[in-house]
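Read the structure below first, then the notes.
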Amino acid sequence: MQVTINGELRDVPPQTTQQLLESLGIDPRKVAVERNAEILPKAEYVTTTLADGDRIEILHFVGGG
Amino acid sequence: MATNDKLVIAGREFSSRLMVGTGKYASFKETALALEASGAEIITVAVRRVNLDRNKESLLDYIDLKKYTLLPNTAGCYTADDAVRTCRLAREAGMSDFVKLEVLGNEKTLFPDNEELLKAAKILVKEGFTVLPYTSDDPIVCKKLEDLGCAAVMPLGAPIGSGLGIRNPYNIRIILETVKIPVIVDAGVGTASDAAIAMELGCDGVLMNTAIAGAKNPIAMAEAMNLAVRAGRLAYLAGRIPRKLYATASSPLEGLLE
(Lines give C-alpha, C1' and ligand atoms only; values in the text may rest on other atoms or scores of the structure.)
Protein backbone atom coordinates (compact mmCIF):
# COMPACT_ATOMS: atom_id res chain seq x y z
CA MET A 1 0.00 0.00 0.00
CA GLN A 2 1.01 3.61 -0.40
CA VAL A 3 1.37 6.20 2.34
CA THR A 4 2.78 9.70 2.23
CA ILE A 5 5.52 10.16 4.82
CA ASN A 6 6.82 13.68 5.31
CA GLY A 7 5.53 14.60 1.89
CA GLU A 8 7.12 11.56 0.19
CA LEU A 9 4.96 8.85 -1.37
CA ARG A 10 6.23 5.46 -0.22
CA ASP A 11 5.26 1.82 -0.73
CA VAL A 12 5.06 0.09 2.63
CA PRO A 13 3.62 -3.20 3.89
CA PRO A 14 0.59 -3.03 6.21
CA GLN A 15 1.94 -2.30 9.70
CA THR A 16 1.56 -0.29 12.88
CA THR A 17 3.03 3.17 13.35
CA GLN A 18 5.52 1.69 15.80
CA GLN A 19 6.70 -0.77 13.16
CA LEU A 20 6.97 1.98 10.57
CA LEU A 21 9.17 4.08 12.87
CA GLU A 22 11.35 1.09 13.64
CA SER A 23 11.76 0.27 9.95
CA LEU A 24 12.90 3.85 9.36
CA GLY A 25 15.39 3.66 12.24
CA ILE A 26 13.55 6.30 14.26
CA ASP A 27 13.41 6.27 18.07
CA PRO A 28 9.68 6.70 18.84
CA ARG A 29 10.48 8.51 22.10
CA LYS A 30 12.12 11.39 20.26
CA VAL A 31 9.47 12.24 17.70
CA ALA A 32 5.90 13.39 17.30
CA VAL A 33 3.67 11.81 14.70
CA GLU A 34 0.70 13.26 12.87
CA ARG A 35 -1.63 10.94 11.00
CA ASN A 36 -3.91 12.66 8.52
CA ALA A 37 -3.33 16.00 10.29
CA GLU A 38 -4.22 14.61 13.73
CA ILE A 39 -1.58 14.13 16.40
CA LEU A 40 -1.10 10.49 17.24
CA PRO A 41 -0.40 10.04 20.98
CA LYS A 42 2.74 7.97 21.64
CA ALA A 43 0.70 5.32 23.46
CA GLU A 44 -1.20 4.64 20.25
CA TYR A 45 1.81 3.92 18.03
CA VAL A 46 1.59 0.20 18.80
CA THR A 47 -2.14 -0.03 18.22
CA THR A 48 -2.52 2.21 15.18
CA THR A 49 -2.36 0.34 11.90
CA LEU A 50 -1.56 2.39 8.83
CA ALA A 51 -4.12 2.51 6.04
CA ASP A 52 -3.59 2.98 2.33
CA GLY A 53 -3.46 6.69 1.49
CA ASP A 54 -2.51 7.83 4.99
CA ARG A 55 -0.58 11.04 5.29
CA ILE A 56 2.03 10.67 8.00
CA GLU A 57 4.22 13.44 9.38
CA ILE A 58 7.15 12.54 11.62
CA LEU A 59 8.74 15.49 13.41
CA HIS A 60 11.55 15.99 15.86
CA PHE A 61 13.55 18.72 17.54
CA VAL A 62 16.39 20.36 15.65
CA GLY A 63 18.66 23.26 16.46
CA GLY A 64 16.81 26.55 16.46
CA GLY A 65 16.49 29.93 18.16
CA MET B 1 25.36 37.24 43.58
CA ALA B 2 22.47 36.58 45.91
CA THR B 3 21.77 32.88 45.47
CA ASN B 4 18.08 33.45 46.05
CA ASP B 5 17.86 35.67 42.96
CA LYS B 6 15.94 33.23 40.80
CA LEU B 7 14.10 33.65 37.56
CA VAL B 8 10.60 32.25 38.08
CA ILE B 9 8.52 31.29 35.05
CA ALA B 10 5.12 29.73 35.66
CA GLY B 11 6.21 28.64 39.13
CA ARG B 12 9.46 27.05 37.94
CA GLU B 13 12.73 28.44 39.26
CA PHE B 14 15.85 28.97 37.18
CA SER B 15 19.27 30.17 38.37
CA SER B 16 20.43 31.39 34.96
CA ARG B 17 18.77 34.35 33.30
CA LEU B 18 20.35 33.59 29.95
CA MET B 19 18.40 31.45 27.52
CA VAL B 20 20.08 30.29 24.36
CA GLY B 21 19.09 28.90 21.01
CA THR B 22 20.62 25.79 19.49
CA GLY B 23 20.58 26.79 15.81
CA LYS B 24 23.38 27.68 13.40
CA TYR B 25 26.25 25.89 15.15
CA ALA B 26 28.95 24.13 13.12
CA SER B 27 28.27 20.80 14.86
CA PHE B 28 26.25 19.23 17.66
CA LYS B 29 29.46 19.02 19.67
CA GLU B 30 30.00 22.76 19.35
CA THR B 31 26.38 23.31 20.35
CA ALA B 32 26.88 21.25 23.51
CA LEU B 33 30.09 23.08 24.45
CA ALA B 34 28.51 26.50 23.89
CA LEU B 35 25.46 25.57 25.98
CA GLU B 36 27.77 24.47 28.77
CA ALA B 37 29.79 27.71 28.64
CA SER B 38 26.64 29.84 28.58
CA GLY B 39 25.37 28.43 31.86
CA ALA B 40 21.87 28.50 30.36
CA GLU B 41 19.21 26.21 31.76
CA ILE B 42 16.54 26.93 29.17
CA ILE B 43 17.40 26.21 25.53
CA THR B 44 15.26 26.68 22.46
CA VAL B 45 14.78 24.10 19.74
CA ALA B 46 12.80 24.05 16.50
CA VAL B 47 10.31 21.40 15.35
CA ARG B 48 11.00 20.00 11.89
CA ARG B 49 10.35 16.93 9.75
CA VAL B 50 12.70 14.02 10.35
CA ASN B 51 14.89 13.52 7.31
CA LEU B 52 14.01 9.94 6.34
CA ASP B 53 17.17 9.25 4.36
CA ARG B 54 19.86 10.89 6.41
CA ASN B 55 21.58 9.32 9.40
CA LYS B 56 19.47 9.65 12.51
CA GLU B 57 21.96 11.43 14.75
CA SER B 58 19.99 14.11 16.51
CA LEU B 59 20.61 17.20 18.57
CA LEU B 60 19.04 15.51 21.57
CA ASP B 61 21.81 12.87 21.55
CA TYR B 62 24.13 15.68 22.65
CA ILE B 63 21.91 17.36 25.20
CA ASP B 64 21.41 16.23 28.77
CA LEU B 65 17.69 16.64 29.29
CA LYS B 66 18.12 16.47 33.05
CA LYS B 67 20.20 19.62 32.87
CA TYR B 68 18.29 21.70 30.34
CA THR B 69 14.67 22.67 29.93
CA LEU B 70 13.70 22.51 26.28
CA LEU B 71 11.77 25.46 24.94
CA PRO B 72 10.44 24.44 21.52
CA ASN B 73 9.78 27.36 19.21
CA THR B 74 7.36 27.96 16.39
CA ALA B 75 9.99 29.55 14.14
CA GLY B 76 8.90 29.71 10.53
CA CYS B 77 5.19 29.95 11.36
CA TYR B 78 3.30 32.81 9.73
CA THR B 79 -0.21 32.02 10.94
CA ALA B 80 -1.77 31.28 14.32
CA ASP B 81 -2.97 27.91 13.01
CA ASP B 82 0.54 26.80 12.00
CA ALA B 83 1.98 27.97 15.31
CA VAL B 84 -0.67 26.15 17.34
CA ARG B 85 -0.15 22.96 15.31
CA THR B 86 3.60 23.18 15.88
CA CYS B 87 3.14 23.67 19.63
CA ARG B 88 0.90 20.62 19.88
CA LEU B 89 3.52 18.54 18.04
CA ALA B 90 6.27 19.93 20.27
CA ARG B 91 4.33 18.91 23.36
CA GLU B 92 3.92 15.40 21.99
CA ALA B 93 7.61 15.15 21.07
CA GLY B 94 8.94 16.65 24.27
CA MET B 95 6.24 15.96 26.84
CA SER B 96 6.52 19.52 28.19
CA ASP B 97 4.13 22.45 28.07
CA PHE B 98 6.77 25.15 27.59
CA VAL B 99 6.67 26.83 24.18
CA LYS B 100 8.32 29.86 22.65
CA LEU B 101 5.51 31.21 20.53
CA GLU B 102 6.49 33.19 17.49
CA VAL B 103 4.22 34.10 14.62
CA LEU B 104 6.10 36.02 11.99
CA GLY B 105 4.85 38.84 9.81
CA ASN B 106 7.29 38.67 6.91
CA GLU B 107 10.56 37.07 5.90
CA LYS B 108 12.62 40.21 5.50
CA THR B 109 12.18 41.57 9.00
CA LEU B 110 10.95 38.49 10.88
CA PHE B 111 8.93 40.95 12.92
CA PRO B 112 6.00 39.37 14.78
CA ASP B 113 2.48 39.43 13.40
CA ASN B 114 0.92 40.48 16.67
CA GLU B 115 -2.65 39.91 15.56
CA GLU B 116 -1.91 36.24 14.82
CA LEU B 117 0.32 36.03 17.89
CA LEU B 118 -2.52 37.06 20.22
CA LYS B 119 -4.88 34.64 18.51
CA ALA B 120 -2.43 31.74 18.95
CA ALA B 121 -1.58 32.69 22.53
CA LYS B 122 -5.25 32.60 23.49
CA ILE B 123 -5.72 29.08 22.12
CA LEU B 124 -2.49 27.73 23.61
CA VAL B 125 -3.10 29.13 27.10
CA LYS B 126 -6.54 27.52 27.02
CA GLU B 127 -4.90 24.20 26.07
CA GLY B 128 -2.63 24.37 29.09
CA PHE B 129 0.60 25.47 27.45
CA THR B 130 3.14 27.64 29.24
CA VAL B 131 3.41 30.32 26.59
CA LEU B 132 6.47 32.55 26.17
CA PRO B 133 5.68 34.79 23.21
CA TYR B 134 8.25 36.57 21.05
CA THR B 135 6.70 39.97 20.46
CA SER B 136 7.36 43.50 19.29
CA ASP B 137 8.71 45.89 21.92
CA ASP B 138 5.18 47.21 22.25
CA PRO B 139 3.88 47.69 25.79
CA ILE B 140 0.24 47.45 24.70
CA VAL B 141 0.72 44.10 22.99
CA CYS B 142 2.76 42.86 25.96
CA LYS B 143 -0.07 43.80 28.32
CA LYS B 144 -2.57 41.95 26.13
CA LEU B 145 -0.34 38.87 26.16
CA GLU B 146 -0.15 39.05 29.95
CA ASP B 147 -3.93 39.40 30.21
CA LEU B 148 -4.34 36.31 28.01
CA GLY B 149 -2.33 34.31 30.53
CA CYS B 150 1.12 34.11 28.97
CA ALA B 151 3.88 33.09 31.40
CA ALA B 152 6.31 35.78 30.20
CA VAL B 153 6.73 38.28 27.38
CA MET B 154 9.75 38.28 25.10
CA PRO B 155 10.02 41.61 23.30
CA LEU B 156 12.66 41.94 20.62
CA GLY B 157 15.64 44.23 21.14
CA ALA B 158 16.17 44.43 17.37
CA PRO B 159 15.36 42.14 14.41
CA ILE B 160 16.25 38.45 14.81
CA GLY B 161 19.89 37.80 13.92
CA SER B 162 20.61 41.50 13.32
CA GLY B 163 23.00 42.02 16.23
CA LEU B 164 21.84 45.64 16.47
CA GLY B 165 21.40 45.56 20.25
CA ILE B 166 18.58 47.05 22.31
CA ARG B 167 17.25 49.66 19.87
CA ASN B 168 14.53 51.04 22.07
CA PRO B 169 15.47 50.77 25.73
CA TYR B 170 12.68 53.19 26.64
CA ASN B 171 10.01 50.86 25.29
CA ILE B 172 11.59 47.99 27.22
CA ARG B 173 11.43 50.11 30.36
CA ILE B 174 7.78 50.91 29.78
CA ILE B 175 7.07 47.20 29.22
CA LEU B 176 8.81 46.45 32.52
CA GLU B 177 6.52 48.94 34.25
CA THR B 178 3.44 47.65 32.44
CA VAL B 179 3.49 43.91 33.04
CA LYS B 180 4.08 41.80 36.14
CA ILE B 181 5.18 38.62 34.35
CA PRO B 182 8.88 38.16 33.46
CA VAL B 183 10.21 40.28 30.59
CA ILE B 184 12.86 38.52 28.53
CA VAL B 185 14.57 40.35 25.69
CA ASP B 186 14.55 37.98 22.74
CA ALA B 187 16.47 38.81 19.57
CA GLY B 188 18.79 41.61 18.61
CA VAL B 189 21.72 41.02 20.94
CA GLY B 190 25.04 41.29 19.10
CA THR B 191 27.65 41.27 21.82
CA ALA B 192 28.07 41.03 25.58
CA SER B 193 27.35 44.70 26.32
CA ASP B 194 23.92 44.40 24.63
CA ALA B 195 23.00 41.59 27.01
CA ALA B 196 24.28 43.58 29.98
CA ILE B 197 22.19 46.59 28.91
CA ALA B 198 19.04 44.46 28.77
CA MET B 199 19.70 43.21 32.28
CA GLU B 200 20.63 46.66 33.61
CA LEU B 201 17.27 47.92 32.38
CA GLY B 202 15.72 45.43 34.77
CA CYS B 203 14.76 42.68 32.36
CA ASP B 204 14.28 39.25 33.89
CA GLY B 205 16.30 37.48 31.23
CA VAL B 206 17.78 37.51 27.74
CA LEU B 207 17.35 34.99 24.95
CA MET B 208 19.83 34.79 22.08
CA ASN B 209 21.12 32.46 19.42
CA THR B 210 22.99 34.11 16.54
CA ALA B 211 25.13 36.33 18.78
CA ILE B 212 26.73 33.19 20.18
CA ALA B 213 26.50 30.72 17.30
CA GLY B 214 27.64 33.28 14.74
CA ALA B 215 30.63 34.55 16.72
CA LYS B 216 34.12 33.61 15.52
CA ASN B 217 34.52 31.62 18.71
CA PRO B 218 31.04 30.60 19.84
CA ILE B 219 32.20 28.91 23.03
CA ALA B 220 34.13 31.98 24.21
CA MET B 221 31.15 34.20 23.29
CA ALA B 222 28.81 31.92 25.24
CA GLU B 223 30.95 32.47 28.31
CA ALA B 224 31.02 36.23 27.64
CA MET B 225 27.22 36.26 27.51
CA ASN B 226 27.01 34.21 30.69
CA LEU B 227 29.16 36.83 32.48
CA ALA B 228 27.38 39.79 30.85
CA VAL B 229 23.93 38.64 31.92
CA ARG B 230 25.14 38.05 35.47
CA ALA B 231 27.02 41.38 35.54
CA GLY B 232 24.03 43.26 34.17
CA ARG B 233 21.68 41.65 36.67
CA LEU B 234 24.00 42.40 39.56
CA ALA B 235 24.39 46.03 38.45
CA TYR B 236 20.60 46.35 38.24
CA LEU B 237 20.17 44.95 41.75
CA ALA B 238 23.03 47.11 43.06
CA GLY B 239 21.39 50.27 41.70
CA ARG B 240 23.39 52.50 39.41
CA ILE B 241 24.30 56.14 40.12
CA PRO B 242 22.23 58.84 38.45
CA ARG B 243 23.62 60.32 35.24
CA LYS B 244 24.97 63.87 35.63
CA LEU B 245 26.25 66.24 33.00
CA TYR B 246 29.19 67.62 35.00
CA ALA B 247 31.93 66.10 37.08
CA THR B 248 31.80 65.23 40.75
CA ALA B 249 35.24 64.68 42.31
CA SER B 250 35.91 61.21 43.72
CA SER B 251 38.80 62.33 45.92
CA PRO B 252 38.27 64.52 49.03
CA LEU B 253 38.66 68.24 48.54
CA GLU B 254 39.90 68.73 52.11
CA GLY B 255 43.61 68.42 52.85
CA LEU B 256 44.82 69.54 49.46
CA LEU B 257 48.34 70.97 49.30
CA GLU B 258 48.38 74.71 49.52
Side-chain angles (χ1 to χ4, degrees), chain A, chain B residues 19-28 30-31 34-35 43-63 65 70-76 85-95 100 102 110 134 160-161 186-187 207-214:
Chain A
M1 64 180 192
Q2 288 198 315
V3 294
T4 304
I5 308 168
N6 287 2
E8 243 179 76
L9 198 62
R10 292 205 171 200
D11 270 313
V12 297
Q15 59 188 321
T16 64
T17 307
Q18 180 80 17
Q19 287 166 329
L20 174 74
L21 293 174
E22 281 166 10
S23 73
L24 292 167
I26 293 168
D27 182 347
R29 290 169 303 176
K30 290 181 181 165
V31 295
V33 176
E34 259 188 9
R35 181 181 180 224
N36 301 326
E38 297 269 341
I39 287 181
L40 195 60
K42 282 191 201 304
E44 293 175 23
Y45 292 176
V46 283
T47 55
T48 306
T49 308
L50 301 181
D52 191 44
D54 271 355
R55 283 173 296 113
I56 305 292
E57 291 284 344
I58 307 167
L59 297 106
H60 68 158
F61 292 136
V62 300
Chain B
M19 303 177 191
V20 297
T22 55
K24 295 187 179 176
Y25 286 96
S27 65
F28 289 142
E30 188 185 71
T31 313
L35 293 182
I43 60 171
T44 63
V45 291
V47 182
R48 292 290 180 272
R49 280 174 165 171
V50 171
N51 187 321
L52 302 177
D53 301 314
R54 216 187 291 152
N55 89 54
K56 299 299 187 296
E57 189 171 70
S58 96
L59 172 68
L60 293 195
D61 298 334
Y62 287 78
I63 286 169
L65 293 178
L70 290 187
L71 181 61
N73 69 28
T74 60
R85 183 183 179 199
T86 302
C87 288
R88 289 173 182 153
L89 284 162
R91 175 150 70 180
E92 190 58 29
M95 312 309 272
K100 170 181 160 177
E102 51 184 294
L110 300 179
Y134 156 71
I160 293 172
D186 177 7
L207 197 165
M208 65 183 75
N209 187 349
T210 309
I212 295 174

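Chain naming here is simple, since letters A, B, ... match the order of the sequence lines and numbering starts at 1 in each. Side-chain atoms are counted along with the backbone in the values below, which use heavy atoms only and exclude waters and symmetry mates.
When each of B:G23, B:P72, B:G21, B:A46 is scored by its heavy-atom pairs under 4.5 Å with chain A, the top score falls to B:A46. For the options B:L59, B:T210, B:V45, heavy-atom pairs under 4.5 Å to chain A are most numerous at B:V45. When the candidates B:R91, B:R49, B:R48, B:R88 are compared by the number of heavy-atom contacts under 4.5 Å with chain A, B:R49 comes out ahead.
The two residues B:S58 and A:K30 make their nearest non-hydrogen contact at OG-CD, 4.4 Å.
With rounding to the nearest 0.5 Å, the separation of CG in A:L40 from CG in B:L89 is 11.0 Å.
Heavy atoms of B:I43 lying under 4.5 Å from chain A are absent altogether. For B:A187, no part sits under 4.5 Å from any heavy atom of chain A, backbone or side chain. With a 4.5 Å cut-off on non-hydrogen atoms, B:K100 touches chain A through its side chain but not through its backbone. The parts of A:P41 that come within reach of chain B are both its backbone and its side chain, each placing non-hydrogen atoms under 4.5 angstrom from that chain.
Identified by a heavy-atom distance below 4.5 Å to chain B, the contributing residues of residues 54-65 of chain A are A:E57, A:I58, A:L59, A:H60, A:F61, A:V62, A:G63, A:G64, A:G65, in residue-number order. Contacts from residues 4-12 of chain A to chain B, taken as heavy-atom pairs separated by less than 4.5 Å, involve A:I5, A:N6, A:G7, A:E8, A:R10 in sequence order.
Applying the side chain to side chain contact (heavy atoms under 4.5 Å, CB included) criterion to B:T74, with sequence neighbours excluded, gives B:C77, B:A83, B:T86, B:C87, B:L101, B:E102. Residues passing the salt bridge (charged side-chain N to carboxylate O under 4.0 Å, His left out) test with A:E34 are B:R85, sequence neighbours excluded.
Although no hydrogens or angles enter the test, the distance criterion places a donor-acceptor pair under 3.5 Å between the side chain of B:E92 and the main chain of A:K42.
The neighbour count for A:E38 CD, taken as heavy atoms of other residues, nucleotides or ligands under 6.0 Å away, does not exceed 12.
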